[in-house]
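Below is one structure, written out as C-alpha cells; the observations come after it.
Quick note: residue numbers are just sequence positions, from 1. Remember, it's a predicted structure, so these values are computed and weren't measured experimentally.
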Amino acid sequence: MVKDLFERIQENKGPLGKWASQAEGYYVFPKLEGELGPRMQFHGKNILNWSLNDYLGLANHPEVRKADTEAAAQFGAAYPMGARMMSGHTTYHEQLENELASFVMKESAYLLNFGYQGMVSIIDALVTKNDIIVYDVDSHACIIDGVRLHMGKRFTYKHNDLESMEKNLQRATKMAEETGGGILFITEGVFGMRGQQGKLKEIAALKKKYNFRLLVDDAHGFGTLGKTGAGAGEEQGVQDEIDVYFSTFAKSMANIGAFVAADKSVIDYLKYNLRSQMFAKALPMIQTIGSLKRLELLRNSSEIKDKLWENVNALQSGLKEKGFNIGDTNTCITPVYLEGSIPEAMVMVNDLRENYGIFLSIVVYPVIPKGIILLRMIPTASHTLEDIKETLTAFEAIREKLVNGTYKEIAEKTTVDVS
C-alpha cells in the first residue's frame with residue numbers, strides 16, 4: 001500500500017516545528033518593525049535589538065540609502081533581465097567583481113545571487129564522484145546541503161579539532177589514491193553560533209603534508225576581521241592559502257547577494273559550471289550598485305570597524321566580568337550559555353522582551369545539546385555603550401530567575417502568553 005506523502009508531515013512536524021503553535025510569530029518568524037537598527041518595534045513595543053547581522057551599521061548609512069535609492073530610480077527592480085550568461089551581464093557586475101577580488105586579495109571573483117544557494121552550488125561544481133570532501137561537523141547548513149549533493153565520499157572532523165582534521169585527511173588521501181580524485185577541505189572563517197574562528201592557519205600548514213584544496217565560508221569574517229576587513233584569512237595571515245574564498249553580502253554589507261573569489265582559472269570554471277547562477281536571473285542593479293557603495297565604505301571608513309570592535313569588547317568583557325559563560329568566541333558573535341530546558345528558554349525570552357525590552361536570538365536543541373540555552377547576540381557599530389549597560393543589567397536579572405527556578409515554575413504551570 002502506498003502511503004499518503006503528507007502523512008509523515010502531519011504526524012511529525014520536526015524538532016522545531018512541534019513548537020509552532022506556541023512559538024510562531026513570537027519566538028520564530030517574529031515581526032520586527034521600524035527602521036533597521038538597535039532600536040526597533042516588536043508587538044507594538046520599543047525594543048533593544050541584538051539580532052541583526054548588520055555588523056557595520058551600513059543598512060541605514062545615508063550614503064548607502066542614497067546609492068540604493070538612485071539605483072532604484074535609474075534601473076528599477078527588474079534590470080537586468082535574464083541570467084548573466086544570456087542577457088543579464090553589465091559593467092556594474094564586472095566592476096563589483098573586480099573590486100571584491102582586489103579587496104580579498106584574490107585574482108578573480110564572481111557574483112552570486114544568494115549566499116546559501118551559492119555555497120551549495122560551489123561545492124557541487126568543484127567536485128566529482130571521485131573526489132573526497134573533508135569538512136567541519138559544525139559547518140553551516142549551506143555547506144552541509146552542498147555536501148549532500150556530492151556523490152563521492154565525504155568525511156567530517158570534530159569541530160576545530162586538529163587531530164581529527166589530520167586523521168580524516170589521512171583517510172581522504174587513502175580514498176583519493178584509490179579513486180584517482182582530489183580532496184576538497186571545507187571550513188568557516190567564523191562559526192556563526194559559537195563565534196569561533198576556524199583554525200585557518202593550522203589548516204593551511206597541513207597543506208604542506210597533504211594535497212588538498214581549501215574552501216572557506218567567511219560570511220561573518222568578511223568586513224569584521226583583518227587589518228583591512230578582508231576577513232579571517234587576513235586576520236590569521238593565511239589569505240593566500242585559501243584556494244576558494246566565499247562570503248555573503250547579508251552580514252557586513254547589509255544587502256542581498258554573495259561572491260566567490262579564487263585564481264582566475266577557478267573562477268572561469270565556476271562561471272560556466274555554477275548551476276545556481278547559470279540558470280538564475282542576474283543580481284539586480286539595486287543590489288549591485290548598492291554593494292559597490294557598501295564596499296567603498298568598508299574600504300575607506302576604518303572608523304566604522306573600530307566602533308564595532310569597541311562595542312564588541314565592551315559587551316563581551318562586561319559579560320565575563322559578571323560571570324557569564326560566553327565560550328571561546330574571538331569574533332563579534334557573542335553567545336551566552338545558560339542551562340535550562342526549551343520551555344524555560346521560551347519563558348526567559350518572553351520575559352526579556354516584555355519586561356526588559358531586549359530582543360535577541362534564542363538557540364536550543366537540536367542546534368545545540370539538550371539542556372543548554374544559547375542566547376546569541378550580534379553587537380554592531382550602531383549600538384551604544386548605554387545599550388550594552390542596559391543589556392548587562394537585564395541579563396543579571398534573568399539569570400537570577402533561571403537559577404532560582406522562577407522560569408521553570410512558570411513553564412510547568414502555563415503556556416507562555418504570546419498574544
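- For Glu188 (side chain) and Asp217 (main-chain N/O), no donor-acceptor pair under 3.5 Å exists by modelled atom type.
- When atom types are taken as modelled, the side chain of Lys251 and the backbone of Leu56 share no donor-acceptor pair closer than 3.5 angstrom.
- Using a cutoff of 4.0 Å between basic side-chain nitrogens and carboxylate oxygens, Asp68 and Arg65 are not scored as salt-bridged.
- Note on Glu234 versus Lys227: no salt bridge recorded, every NZ/NE/NH1/NH2 to OD/OE distance being 4.0 Å or above.
- Residues Val147 and Tyr135 are in side-chain contact: their nearest non-hydrogen atoms beyond the backbone lie under 4.5 Å apart.
- Asp161 places a side-chain N or O within donor-acceptor distance of the main-chain N or O of Ser164, the cut-off being under 3.5 Å.
- In terms of modelled atom types and a separation under 3.5 Å, the side chain of Asn168 and the main chain of Thr156 share a donor-acceptor contact.
- Ring centroid separation for the pair Tyr157 and Phe185 comes in under the 6.0 Å cut-off.
- Closest non-hydrogen pair, Gly233 versus Leu200, comes out as N-CD1, 3.7 Å.
- Remark: Arg39 CZ is packed, more than 12 non-hydrogen atoms of other residues, nucleotides or ligands lying under 6.0 Å away.
- Heavy-atom contacts from other residues, nucleotides or ligands closer than 6.0 Å to CZ of Phe75 number more than 12.
- Thr128 and Asp131 form a side-chain donor-acceptor contact under 3.5 Å, judged by distance and modelled atom types alone.
- In this structure, Glu11 does not pair ionically with Arg8, as no charged nitrogen and carboxylate oxygen lie closer than 4.0 Å.
- Side-chain polar atoms of Glu70 and Gln74 form no donor-acceptor pair below 3.5 angstrom.
- Between Phe155 and Leu169 the shortest side-chain heavy-atom distance does not fall below 4.5 Å.
- Between Leu96 and Leu111 there is a side-chain heavy-atom pair separated by less than 4.5 Å.
- If you check the side chains of Ser291 and Asn255, you find a donor sitting under 3.5 Å from an acceptor.
- Phe259 has its ring centre less than 6.0 Å from the ring centre of Phe222.
- Within the 3.5 Å criterion, the main-chain N or O of Ala125 finds no donor-acceptor partner in the side chain of Arg275.
- Other residues, nucleotides and ligands contribute at most 12 non-hydrogen atoms within 6.0 Å of the CE atom of Met86.
- With rounding to the nearest 0.5 Å, the separation of CE in Met40 from CG in Leu48 is 12.0 Å.
- Atom CZ of Phe114 has 12 or fewer neighbouring heavy atoms from other residues, nucleotides or ligands inside a 6.0 Å radius.
- Not one N or O on the side chain of Glu235 forms a donor-acceptor pair closer than 3.5 Å with the backbone of Gly221.
- Judged purely by distance below 3.5 Å, without hydrogens or angles, the side chains of Asp136 and His159 pair a donor atom with an acceptor atom.
- Here the CD-CG distance, from Glu97 to Leu112, works out to 9.0 Å after rounding to the nearest 0.5 Å.
- Checked by atom type, the side-chain pair Ser361/Ser51 shows a donor-acceptor distance below 3.5 Å.
- Residues His140 and Tyr116 have side chains that never bring a donor and an acceptor to within less than 3.5 angstrom of each other.
- Note that CD1 of Ile378 and OG1 of Thr224 are 10.0 Å apart. Values are rounded to the nearest 0.5 Å.
- Counted by atom type alone, Ser121 and Asp124 present zero donor-acceptor pairs between their side chains at under 3.5 Å.
- Within 6.0 Å of CD in Glu339 there are 12 or fewer heavy atoms belonging to other residues, nucleotides or ligands.
- Look at Glu99 and Lys106 and you find no salt bridge, because none of the NZ, NE, NH1 or NH2 atoms lies under 4.0 Å from a carboxylate O.
- Within a 6.0 Å radius of NZ in Lys201, no more than 12 heavy atoms belonging to other residues, nucleotides or ligands are found.
- His89 and Glu94 form a side-chain donor-acceptor contact under 3.5 Å, judged by distance and modelled atom types alone.
- Separation of atoms CZ (Arg376) and OG1 (Thr329) is listed at 10.0 Å; rounding is to 0.5 Å.
- Counting non-hydrogen atoms of other residues, nucleotides and ligands closer than 6.0 Å to NZ of Lys167 gives a total of 12 or fewer.
- Each of Asp328, Asn160, Asp138 was scored for a side chain to side chain donor-acceptor pair (under 3.5 Å) with Arg194, with one residue passing: Asp138.
- Side-chain contact check for Gln41 versus Ile47: every heavy-atom pair is 4.5 Å or farther apart.
- Proximity of a side-chain donor or acceptor of Ser87 to a complementary backbone N or O of Met81 within less than 3.5 Å is detected.
- Geometrically, Arg299 does not engage Phe103 in a cation-pi contact defined by less than 6.0 Å to the ring centre and at most 45° from the axis.
- Counting only distance, with no hydrogens or angles, the side chain of His150 and the backbone of Val127 share no donor-acceptor pair below 3.5 Å.
- A donor-acceptor contact closer than 3.5 angstrom links the side chains of Glu166 and Tyr210.
- Atom CG in Asn300 sits 11.0 Å away from atom OG1 in Thr228 (nearest 0.5 Å).
- For Glu163, the CD atom sits in a loose shell: 12 or fewer heavy atoms of surrounding residues, nucleotides or ligands are nearer than 6.0 Å.
- Defined by atom type and a distance below 3.5 Å, a donor-acceptor pair is missing between the side-chain atoms of Gln196 and Asn330.
- The closest donor-acceptor contact from the side chain of Asn313 to the backbone of Trp309 lies under 3.5 Å.
- In this structure, the side chains of Val260 and Tyr245 stay at 4.5 Å or more apart for every pair of heavy atoms.
- Panel note: side chain Asn273, backbone Tyr269; a donor-acceptor pair is recorded below 3.5 Å.
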